[in-house]
Amino acid sequence: MEFVVMGALAGLRIIEVSQVLAGPFCGYQFALLGAEVIKVELPHSPDCARGRGPLPALNAEGIGLTYQVQGGNKKSLALDFRAEPGRAALLKLVERADVFLENYSTGVLDDFGLGYDDLRKCNPKIVHCSMTGYGETGPRATKGAYDNTIQATSGTIAQCDGQKPGVSFIDYAAGYSAAFAISAALLQRERTGEGCHISASMLEVALSLMAPEAASKQVPEARLKVPEAGISAFDTADGRLMLGAFKPTQYRKLGACLASLGHNIPLLAGVSDWNDVESHSAAIRASLEPVFREHTAEEWQAVLEAADIPAEKILPLEEAVASPQIAARGYFAPSPDDPSIPLPLAAYRMSLGGPMLTGAPPKLGHHNRQILEGLGYSLEEIAALRNSGVMQ
């Protein structure tokens with residue numbers, strides 16, 4: 001299916017030489033806003049995400065759900081850029097591009113003559129973003145990484161009581177971070193006329209997600225042992241409730257709310273600052289636990305929200321994604337090729353030029369001919385590339 005996407009970034013061309021999650025997710029943000037994003041993969045070793053996901057039939061077709069959720073609106077070019085004819089074709093594409101996005105380990109693409117210094121020779125205005133585990137300097141610069149290993153070395157898993165969170169949030173946050181940096185570089189180019197190189201580090205993203213703890217270089221022992229009562233989970237009559245009383249004023253509101261129901265907890269009324277919260281969290285929690293068991297999570301939500309205190313029942317994922325709030329926001333859009341597959345859009349809406357899904361995630365090499373013809377290749381030259389094994 002061919003498509004025309006109009007959006008805030010229509011007219012931009014992004015070359016995405018990336019795989020797995022962080023890089024493709026970054027590219028997807030631009031594709032949703034109308035940029036032409038060309039995903040370049042090796043013909044015989046494509047993005048492994050194509051073969052991953054809960055639906056084996058899609059995995060076998062090379063369009064697994066792990067790939068699809070960040071593949072919409074993109075074009076696919078299957079090209080072996082390690083060989084000279086493929087490298088030459090990729091450089092021709094770079095000549096007409098705005099951004100080159102890659103997430104290979106530091107130095108890998110340089111070895112193929114596709115590093116920033118190589119690219120800017122053919123396009124001085126190119127914005128080149130290299131996403132790596134540790135950045136391109138320092139003793140670990142050339143070390144490979146995945147979300148889980150970065151969670152380990154960043155202190156994230158230790159912060160979670162030694163348990164790895166069940167989501168790849170560092171990958172996704174790294175994608176957003178790189179997209180922001182690329183956008184800033186493009187705006188800068190409008191003023192200066194110059195492209196630039198961006199070195200994005202997953203490790204530094206992980207630390208940024210724990211900025212207060214990272215800045216202090218440690219977590220006080222008291223906080224490790226005693227969870228903050230006002231932002232803890234409590235058992236109710238039918239499930240778990242996550243309380244959101246973060247500020248001292250909210251602790252006092254919680255005290256007044258519970259007092260109106262016949263539960264007088266003086267410690268809540270006496271919270272005036274963070275020191276009170278830290279000193280009395282264990283006692284406050286002990287007082288709250290039997291109270292919250294008296295009613296269901298939904299009943300407590302209604303009571304607490306009426307008192308302007310955030311609280312949410314802890315939901316399984318299948319209930320969370322089916323909520324009326326998500327439906328009202330239009331977060332999921334049906335795949336243009338298979339309406340039974342809901343694909344996520346961006347986590348925001350715009351009154352003009354916002355994110356939209358108009359093109360299904362392409363199969364490997366779907367746009368080979370279209371892209372190469374656009375670069376001036378004849379049908380005979382395209383056939384020669386295919387016959388040489390450089391292209392699928």
Name the residue from Thr153, Thr106, Thr132 that meets the side chain to side chain donor-acceptor pair (under 3.5 Å) definition with Arg140. Thr153

Side chain to side chain donor-acceptor pair (under 3.5 Å) with Arg369: which of Glu373, His366, His367? Glu373

[X] to [Y] - nearest heavy-atom pair and separation:
| X | Y | result |
| --- | --- | --- |
| Tyr331 | Pro344 | OH-CB, 3.3 Å |
| Gly23 | Asn103 | N-ND2, 3.6 Å |
| Asn59 | Gly64 | OD1-CA, 3.3 Å |
| Asp47 | Pro24 | OD2-CG, 3.9 Å |
| Gly72 | Pro361 | N-CG, 3.7 Å |
| Gln250 | Pro310 | NE2-CD, 3.8 Å |

Measure the spacing between [atom1] of [X] and [atom2] of [Y] and express it to the nearest 0.5 Å.
| X | Y | atom1 | atom2 | result |
| --- | --- | --- | --- | --- |
| Leu267 | Tyr251 | CG | OH | 11.0 Å |
| His263 | Ser287 | NE2 | OG | 12.0 Å |
| Asn368 | Ser76 | CG | OG | 6.5 Å |
| Ile182 | Leu9 | CD1 | CG | 11.0 Å |
| Ser323 | Arg329 | OG | CZ | 11.5 Å |
| Leu343 | Phe332 | CG | CZ | 9.0 Å |

Got a salt bridge between [X] and [Y], using NZ or NE/NH1/NH2 to carboxylate O under 4.0 Å?
| X | Y | value |
| --- | --- | --- |
| Glu95 | Lys92 | no |
| Arg87 | Asp80 | no |
| Arg189 | Asp98 | yes |
| Glu36 | Lys75 | yes |
| Arg50 | Glu41 | yes |
| Lys74 | Glu16 | yes |

Does [X] belong to the same Ile/Leu/Val/Met/Phe/Trp/Tyr cluster as [Y], with side-chain heavy atoms less than 4.5 Å apart forming each link?
| X | Y | value |
| --- | --- | --- |
| Leu101 | Leu186 | yes |
| Val277 | Ile284 | yes |
| Tyr172 | Leu33 | no |
| Met391 | Leu91 | yes |
| Ile15 | Leu77 | yes |

Where does the angle between the aromatic ring planes of His295 and Trp300 fall among parallel (under 30°), tilted (30 to 60°) and perpendicular (over 60°)? perpendicular

Does the side chain of [X] pick up a donor-acceptor pair with the side chain of [Y] at under 3.5 Å?
| X | Y | answer |
| --- | --- | --- |
| Ser281 | Glu228 | no |
| Asp276 | Ser272 | yes |
| Ser335 | Asp337 | no |
| Gln392 | His44 | no |

Has the side chain of [X] got a donor or acceptor atom that lies under 3.5 Å from a matching backbone atom of [Y]?
| X | Y | result |
| --- | --- | --- |
| Ser177 | Ala173 | no |
| Thr296 | Glu299 | yes |
| Asn123 | Arg120 | no |
| Ser201 | Glu204 | yes |
| Arg349 | Gly330 | yes |

Any residue meeting side chain to side chain contact (heavy atoms under 4.5 Å, CB included) with [X], in chain and number order, not counting sequence neighbours:
| X | result |
| --- | --- |
| Lys313 | Asp238, Ala297, Glu298, Gln301, Leu315 |
| Thr249 | Lys247, Arg252 |
| Ala145 | Tyr134, Thr149, Ile150 |

Counting the benzene-type ring for Trp, do Tyr116 and Phe100 have ring centres under 6.0 Å apart? no

